[in-house]
**Student:** 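Got a structure here, written out as structure tokens. Questions coming.
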Amino acid sequence: MFSGYLQQGIVGRAAKNGIVRVNLINIRDFAKGRHKSTDDRPYGGGDGMVMKPGPLYRALQSVEKNRGQSLVIFLSPQGEVFDQATAWELSNSDQIILVCGRYEGVDERIREHWLDRELSIGDYVLTGGELGAMVVMDAVSRLVPGVLGGKRSNAEDSFQDGLLENPQYTRPPVFQGSEVPAVLLSGDHEKIRLWRRVESLKRTRDRRPDLLRTAELTQEDEIVLAGLRENP
Ligand code: 4FV
């Protein structure tokens, strides 16, 4: 599942350029017995299987902890919901060990003794933690200096200051009869900055009002929002 992802795009290039180093550890390589099983039936009965502690523990022990700060993170629906702020936080780590579960989950003793954090990419159930791991890898890697090509900084990202991004336009100025807002063609950078901020505030108010409560709003933003309340 990872090889395809790591050959493509920005993160693939970052892995090729060594800005981000990715090591894939197969838990089954640490399974014992003729069947090298990594799962077993749940104590107390019930459907589904549980990931055995042994192979996962030995796989974790095999990861050479580099000198800096390394975090062992388990991807599961029971984790704190992953967001941009967490991505920034993790981008300051030297090493992140992403544990991808399968089956119904992992033996609780792994959680108790060998995990630092638990992250969820959303309130739904996947067949494995791999997609969650790729989401975290992608969101964190693009915040590592040098990963996003020179022209692109993550300064204008959605959630950068907790707001949704403003609408974006590119050529042609008229497409299928639909025009690009004139202000964006005006060359008046202050007018463009304000237009983008107002659109960002409107979009956040309309689509994610919850974000307005946590966003870093300037006094200018408060004035804009007050104005929008008066004439929506
Ligand atoms: C998940 C999530 C997720 C739970 C059982 C894998 C599955 C299966 N991971 N965010 N939502 N994991 O659904 O990260 O083992």
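Atoms within each ligand, like the ligands themselves, are counted from 1 in listed order.
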**Student:** Under 4.5 Å between any side-chain heavy atoms of Arg117 and Glu89, yes or no?
**Tutor:** yes
**Student:** Between the protein and ligand 1, which nitrogen or oxygen pairs come in under 3.5 Å, and how far apart is each?
**Tutor:**
unit_1	atom_1	unit_2	atom_2	d
ligand 1	10 (N)	Ile121	N	3.0
ligand 1	11 (N)	Gly122	O	3.1
ligand 1	11 (N)	Tyr124	O	2.9
ligand 1	13 (O)	Tyr124	O	3.4
ligand 1	13 (O)	Leu126	N	2.8
ligand 1	15 (O)	Arg102	O	3.2
ligand 1	15 (O)	Tyr103	O	2.7

**Student:** Please check if Val135 and Val125 belong to a single hydrophobic cluster, counting links between Ile, Leu, Val, Met, Phe, Trp and Tyr side chain heavy atoms closer than 4.5 Å.
**Tutor:**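 Val135 and Val125: separate clusters.
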**Student:** Is a salt bridge present between Lys202 and Glu199, judged by a nitrogen-to-oxygen distance below 4.0 Å?
**Tutor:** yes
**Student:** Under a 4.5 Å cut-off applied to non-hydrogen side-chain atoms, are Met51 and Asp107 in contact?
**Tutor:**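 No, side chains not in contact.
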**Student:** I would like to know whether Val136 and Ile73 meet side chain to side chain contact (heavy atoms under 4.5 Å, CB included); could you show each step before the answer?
**Tutor:** CA-CA 10 Å; Val136 172; Ile73 296 174; 5.5 Å; no
**Student:** Just so I know, are the side chains of Lys36 and Lys32 near enough to count as touching, which here means a heavy-atom distance under 4.5 Å?
**Tutor:** no
